[in-house]
Amino acid sequence: MIQLDIEKLIGEATAYDKKLELEAKRPRSWCKSISAFANGDGGALIFGLENDGTVVGLQEPEATAEKISEIIKARMDPIPEFNLRFEKIDDKVLIILDIRKGNDTPYYYSADGGLETYIRVGNESVKADATEQKRLILKGRNSTWDMQRSAYPVNDFAFSKLHERYRKWTGKSFEDRDMFSFGLVDETGYLSNAGALLADECPMRWSRVFCTRWNGLDKSGGVIDALDDAEYSGSLISLMENSETFILRNTRKMWRKTPNSREEMPEYAERSYHEALINALVHRDNLIIGSEIHLDIFDDRMEIYSPGGMPDGTVIQDRDPLTVPSTRRNPLVADVFERLGYMERRGSGFGKIIRSYEFQANYQEEKKPYFRSDRTQFTVILPNLNYAVTQDGTQDGGQDGGQDGGQDGGQGGGQDKLTERIIQIIRNNNKITIQEISNRTGISLRTLQRRIPLIPNVKYIGSGYSGHWEIVDD
């Protein structure tokens with residue numbers, strides 16, 4: 001039985017699907033991958049290969065290749081660029097169908113008189129919804145949502161926040177001609193969508209930030225759910241400034257003496273939450289209407305949620321955040337924020353979020369920021385660096401950062417308290433990972449991996465991301 005190194009086989013393609021044989025009578029089963037690859041960053045289909053990578057080969061490879069080409073030309077609209085090649089492995093022949101990244105999106109599959117278009121989400125090809133189709137249409141026009149002309153005349157709005165920040169950063173006055181050169185207004189005097197987002201009184205109702213300081217570890221804090229909340233609207237610049245003010249109002253800073261001065265230990269690294277807010281405001285998907293940015297502060301963490309997943313359809317959980325290339329969903333907005341000194345052109349936001357934490361005096365590996373996303377949302381989770389820290393500046397619970405301290409949690413009943421906290425967190429989210437439990441409790445990953453299997457009424461059913469926790473109550 002022959003196993004393959006698929007990455008070597010497909011060359012530069014980063015996405016691929018495997019097919020045991022050509023399903024000529026069920027072309028949708030593989031043409032949807034062609035649509036998704038052409039609508040995204042390209043990819044490859046391998047015919048003659050089992051799902052586990054076992055080489056089976058094709059009986060009539062040349063005839064199969066002709067049929068593949070025939071179906072693509074008959075079923076795809078427009079026809080994407082593709083290439084068919086043969087790979088011979090121990091007298092068994094595979095067909096590799098390379099699909100190029102397309103410029104004329106959307107690429108449709110014609111089925112029963114209708115047209116369907118697909119996108120890549122993780123390692124699956126899924127049908128694009130109405131919002132995703134709008135995005136593909138803009139991409140095919142070499143445009144983005146923020147470049148589109150709005151319904152708002154420039155003379156109806158003021159831009160004092162934009163003028164103020166531009167003078168502060170550059171030392172120059174913001175002129176009327178700069179509105180045009182920045183792409184914020186067109187020759188007819190109407191704002192682009194980017195221009196409308198930067199107006200002092202932004203007319204787009206969904207461009208808001210909801211901020212809440214919750215009481216406890218989740219949104220059901222007991223008698224008092226929230227300790228503070230605010231809703232902000234207006235220019236993107238105002239949204240960022242007000243959100244940072246809310247964070248400062250609802251966080252504290254510890255400090256300890258050193259031989260020559262004192263060492264400050266904030267709950268959150270300022271640069272990290274600044275970059276996370278910039279990412280949420282600049283890269284949010286404005287085609288998703290009816291959903292706002294949310295800033296939620298809990299006892300143990302801060303979460304910054306933004307509508308819109310990864311632009312390339314992947315999920316951040318499957319990627320190394322430090323190697324994700326910069327992709328601008330709203331290039332005009334990003335360009336303005338760069339000119340105002342809020343962000344850089346090199347797209348290093350994820351790295352700054354993570355590394356700013358690592359420079360903090362009270363940083364531990366289990367307090368590393370992490371990210372999650374799906375098709376419609378992106379969330380940055382920043383652990384509270386001071387959560388579960390004792391007065392001497394160490395993590396509560398002994399040397400390994402947990403609360404079990406000794407063999408059974410010490411004399412103070414640590415075992416019962418830790419068990420109760422773990423069970424409560426799992427009750428609120430039975431899909432939570434052990435890493436997320438670690439971040440929420442301040443307990444080290446090593447301690448939890450040892451401790452959770454000892455809780456008799458907590459079981460993990462299934463495996464990996466598809467599994468879930470179950471709590472068997474007495």
Side-chain angles (χ1 to χ4, degrees), residues 208-222 224-232 236-258 261-281 292-306 342-343 349-372 378-396 401 421 425 428 436-443:
R208 294 179 290 176
V209 180
F210 291 168
C211 301
T212 310
R213 172 54 170 104
W214 298 96
N215 179 32
L217 302 179
D218 51 48
K219 296 183 181 181
S220 55
I224 300 175
D225 289 335
L227 303 176
D228 190 12
D229 69 334
E231 176 185 330
Y232 299 116
L236 289 180
I237 298 171
S238 295
L239 294 182
M240 191 193 65
E241 292 177 349
N242 288 331
S243 298
E244 290 192 322
T245 299
F246 183 89
I247 292 172
L248 292 173
R249 187 169 76 230
N250 285 282
T251 57
R252 296 188 178 96
K253 184 183 295 183
M254 295 173 62
W255 62 271
R256 59 190 171 197
K257 291 181 179 180
T258 64
S261 60
R262 75 177 191 176
E263 191 171 50
E264 294 187 341
M265 299 185 296
E267 290 184 334
Y268 302 96
E270 181 178 355
R271 186 60 182 270
S272 295
Y273 65 70
H274 173 83
E275 291 292 337
L277 282 171
I278 291 292
N279 183 74
L281 292 166
E292 296 81 11
I293 293 169
H294 286 258
L295 166 63
D296 295 306
I297 302 176
F298 302 89
D299 287 358
D300 62 339
R301 71 198 185 281
M302 179 192 304
E303 295 187 359
I304 298 175
Y305 159 91
S306 179
Y342 288 127
M343 58 187 292
F350 288 159
K352 288 176 182 174
I353 291 172
I354 294 171
R355 294 193 177 103
S356 294
Y357 254 61
E358 293 173 349
F359 285 121
Q360 300 303 310
N362 47 346
Y363 174 75
Q364 296 191 22
E365 185 63 26
E366 56 265 27
K367 296 294 182 102
K368 183 176 182 178
Y370 60 103
F371 315 88
R372 63 170 179 256
F378 192 98
T379 304
V380 180
I381 300 95
L382 303 174
N384 183 336
L385 289 162
N386 291 339
Y387 186 72
V389 173
T390 63
Q391 291 184 355
D392 62 359
T394 61
Q395 290 293 316
D396 188 14
R421 292 170 69 192
I425 289 171
N428 292 330
E436 289 175 314
I437 295 174
S438 172
N439 290 328
R440 292 193 180 192
T441 60
I443 309 302

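When a residue number appears, it is its place in the shown sequence, counting from 1. Note that the structure is predicted; figures quoted are calculated from it, not measured.
A heavy-atom distance below 4.5 Å is found between the side chains of I247 and M302. Within the 4.5 Å cutoff, the side chain of S238 has no heavy atoms near those of the Y232 side chain. Taking the side chain as every heavy atom from C-beta outward, I304 and N279 never approach each other to under 4.5 Å. The shortest side-chain heavy-atom distance between E292 and Y305 does not fall under the 4.5 Å cut-off. Residues N386 and R252 fail the side-chain proximity criterion, which asks for heavy atoms closer than 4.5 Å. Contact annotation: the side chain of E436 approaches that of R372 to within less than 4.5 Å [non-hydrogen atoms, C-beta and beyond].
Proximity of a side-chain donor or acceptor of R208 to a complementary backbone N or O of L239 within less than 3.5 Å is not detected. Side-chain N or O atoms of K219 include none that pairs as donor or acceptor with a backbone N or O of D225 at under 3.5 Å.
Rounded to the nearest 0.5 Å, atoms SG (C211) and CD (E231) are 9.5 Å apart. Expressed to the nearest 0.5 Å, how far CG of D218 lies from CG of D299 amounts to 9.5 Å. A distance of 9.5 Å separates OH in Y363 from OH in Y357, rounded to the nearest 0.5 Å. In this structure, the separation between CG on L217 and CG on D300 is 4.5 Å, given to the nearest 0.5 Å.
Listed by chain and residue number, K161, I237, Y342 satisfy the side-chain contact (heavy atoms from CB on, under 4.5 Å) test with E241 (two or more places apart in sequence, or in another chain). Scored by the ring pair (Phe, Tyr, Trp, His ring centres under 6.0 Å) test, Y268 finds no partners at all (sequence neighbours excluded). With sequence neighbours excluded, no residue satisfies side-chain hydrogen bond (donor to acceptor under 3.5 Å, both in side chains) with D229. Residues that satisfy the side-chain hydrogen bond (donor to acceptor under 3.5 Å, both in side chains) test with R271, not counting sequence neighbours, are E275. Contacts of L227 classified as side-chain contact (heavy atoms from CB on, under 4.5 Å), with partners at least two apart in sequence or in another chain: R213, N215, I224. Not a single salt bridge (charged side-chain N to carboxylate O under 4.0 Å, His left out) links E358 to another residue, sequence neighbours left out.
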Evaluate the side chain to side chain contact (heavy atoms under 4.5 Å, CB included) criterion for residues L277 and I293: first the C-alpha distance (whole Å), next the side-chain angles of each, then the deciding distance (0.1 Å), finally the verdict.
-> CA-CA 9 Å; L277 282 171; I293 293 169; 5.6 Å; no
Does the pair E263 and R256 meet the rule for a salt bridge (charged side-chain N to carboxylate O under 4.0 Å, His left out), with working shown?
-> CA-CA 5 Å; E263 191 171 50; R256 59 190 171 197; 2.8 Å; yes
Can you check ring-ring contact (aromatic ring centres under 6.0 Å, His included) on Y273 and F246, steps first, answer last?
-> CA-CA 12 Å; Y273 65 70; F246 183 89; over 10 Å; no
Quick one: do E303 and H294 satisfy side chain to side chain donor-acceptor pair (under 3.5 Å)? Show the steps, please.
-> CA-CA 8 Å; E303 295 187 359; H294 286 258; over 6 Å; no
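The residue from N384, I381, D296 that alone fulfils the side-chain contact (heavy atoms from CB on, under 4.5 Å) condition with R301 is I381. Among the candidates I297, T212, L295, T245, the single residue satisfying the side-chain contact (heavy atoms from CB on, under 4.5 Å) test with N250 is I297.
Between P266 and Q360, the closest heavy-atom pair is CG-OE1, 3.3 Å. Nearest heavy-atom pair across Y387 and R421 is OH-NH2, 3.1 Å. Smallest separation of non-hydrogen atoms from L281 and L236: CD1-O, 4.0 Å. Residues S306 and A280 come closest through the heavy atom pair OG-O, 3.1 Å. For the pair A269 and L385, the tightest heavy-atom approach, listed with the atom from each and the gap, is N-CD1, 4.3 Å.
The aromatic rings of F371 and F350 sit tilted, their planes meeting at an angle between 30° and 60°.
Salt bridge status for K253 with E270: absent, with no side-chain N to carboxylate O gap under 4.0 Å.
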